[in-house]
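Here the structure is laid out as structure tokens; the discussion comes afterwards.
Model, not experiment: these values are computed from the prediction. Just follow the structure's listing: the first ligand is 1, and inside any ligand the first atom is 1.
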Amino acid sequence: MMGVYGEHVLPRIIDKVCGLKATDPLRERVCAGLRGQVLEIGFGSGLNVPFYPAAVDGVTAIEPADVGWKLAAERLADSSVPVERAGLDGQSLPLDDDSCDTALTTWTLCTIPDASAALAEVRRVLRPGGTLHFVEHGLAPDEKVQRWQHRLEPLQKRLVGGCHLTRRIPEMITTAGFTIDEIDAFYEEGTPKVLGADSLGVAVAP
Ligand SMILES: C[S@@+](CC[C@H](N)C(=O)[O-])C[C@H]1O[C@@H](n2cnc3c(N)ncnc32)[C@H](O)[C@@H]1O
């Protein structure tokens, strides 16, 4: 049960916070190289839509929050890329094996309860050699920041819809069977380090 806060308030907060212009250059970078049929898990309010490259034929969006999907309407109307909301849960995708060319996840693997299950599903639906483009926050490289992340995680999870601060995202991606081709790890500018220890990269499905 998500409740009024999770269903109605939080998607609006996420739309505003994630929509801050500071994330635009990261969205542009992570979307570069997407092509063909794209799977996007945790589509949110469609903040990546303006950054889909011309080589994208269509997007299969997975997003549980109806409010997020409604907030995406204007961005979708301004885009020539067809986007279909095909499902609600990245942990169980209603899609055939090998049916997508590339996949995208931005600041979502922190929130999906079983992110490893979602990554296994992404791997299943990506064709062999297909790429997963990701920018995600997770466990910081510095021990002092890590200590704060462990302290604050229970509160963060309650306030931000189950968002974890300490996930080791690159390890989770490789454990799911992907090979990481490119990766950049950095603290996001203008964001507290506990929340902004990002990994941005591209991983290849076997
Ligand atoms: C912090 S938001 C990021 C939204 C968007 N990707 C962006 O960059 O603005 C995390 C998103 O993950 C979605 N989410 C939560 N649980 C999910 C699940 N099981 N499967 C797919 N998406 C999920 C949330 O509804 C929310 O839209």
Side-chain angles (χ1 to χ4, degrees), residues 1-32 34 38-52 59-76 79 83-95 100 102-125 132-138 153 156-167 169 172 176 188 190-192 194-201:
M1 282 276 285
M2 281 176 83
V4 172
Y5 175 74
E7 269 176 55
H8 297 279
V9 180
L10 189 57
R12 291 187 165 85
I13 295 175
I14 289 174
D15 180 55
K16 293 290 174 236
V17 173
C18 289
L20 293 173
K21 286 287 163 210
T23 64
D24 282 3
L26 299 178
R27 294 182 189 281
E28 188 166 15
R29 271 177 72 192
V30 75
C31 288
L34 289 173
V38 179
L39 163 69
E40 179 167 359
I41 57 166
F43 178 80
S45 56
L47 290 166
N48 294 317
V49 171
F51 302 99
Y52 295 153
V59 173
T60 303
I62 306 295
E63 173 54 50
D66 291 340
V67 169
W69 182 249
K70 277 185 203 139
L71 290 170
E74 212 169 298
R75 291 178 194 106
L76 291 173
S79 169
V83 179
E84 184 203 356
R85 187 184 181 194
L88 306 179
D89 185 1
Q91 298 163 123
S92 170
L93 298 173
L95 303 170
C100 295
T102 52
L104 175 65
T105 169
T106 62
W107 299 291
T108 288
L109 293 174
C110 52
T111 300
I112 296 181
D114 187 346
S116 297
L119 285 165
E121 278 290 85
V122 173
R123 177 183 161 180
R124 180 182 67 76
V125 305
L132 166 63
H133 297 233
F134 59 92
V135 59
E136 294 287 342
H137 73 87
E153 188 164 63
Q156 173 79 2
K157 277 160 67 177
R158 286 189 57 189
L159 291 179
V160 193
C163 172
H164 295 69
L165 295 176
T166 62
R167 285 189 168 163
I169 301 296
M172 291 172 83
E188 218 178 292
T191 303
V194 286
L195 263 176
D198 281 1
S199 306
L200 184 155

- Using heavy-atom distances, let me know which of L93, T106, V160 sits nearest atom 7 (C) of ligand 1. T106
Using a 4.0 Å cut-off to any heavy atom of [X], which atoms of ligand 1 qualify?
{"X": "D89", "result": "18 (C), 19 (N), 20 (N)"}
{"X": "L47", "result": "9 (O)"}
{"X": "W107", "result": "1 (C), 2 (S), 3 (C), 8 (O), 10 (C)"}

Which distance, rounded to the nearest 0.5 Å, do you find between the [atom1] of [X] and the [atom2] of [Y]?
{"X": "C100", "Y": "E40", "atom1": "SG", "atom2": "CD", "result": "12.0 Å"}
{"X": "T102", "Y": "Y52", "atom1": "OG1", "atom2": "OH", "result": "10.0 Å"}
{"X": "T191", "Y": "L195", "atom1": "OG1", "atom2": "CG", "result": "7.0 Å"}
{"X": "R29", "Y": "H133", "atom1": "CZ", "atom2": "NE2", "result": "13.0 Å"}
{"X": "C18", "Y": "N48", "atom1": "SG", "atom2": "CG", "result": "9.5 Å"}

- Report yes or no: does a heavy atom of P64 sit under 4.0 Å from some atom of ligand 1? yes
- Query: If you measure from each heavy atom of T108 to ligand 1, is any distance below 4.0 Å?
  - Reply: yes
Flag [X] as yes when one of its N or O atoms lies below 3.5 Å from any N or O atom of ligand 1, and as no otherwise.
{"X": "I112", "answer": "no"}
{"X": "R27", "answer": "yes"}
{"X": "E63", "answer": "yes"}
{"X": "G90", "answer": "yes"}
{"X": "T111", "answer": "no"}

- Evaluate the side-chain proximity of Y5 to I13: yes if any heavy-atom separation is below 4.5 Å, no if none is. yes
- Message: Between T108 and T106 (side chain of the first, backbone of the second, donor and acceptor by atom type, cut-off under 3.5 Å), is there such a pair?
- Response: yes
- SB check R85 D66 (cutoff 4.0 Å): yes
- Check each heavy atom of I14 against ligand 1 and say whether those closer than 4.0 Å belong to the side chain, the backbone, both or neither. side chain
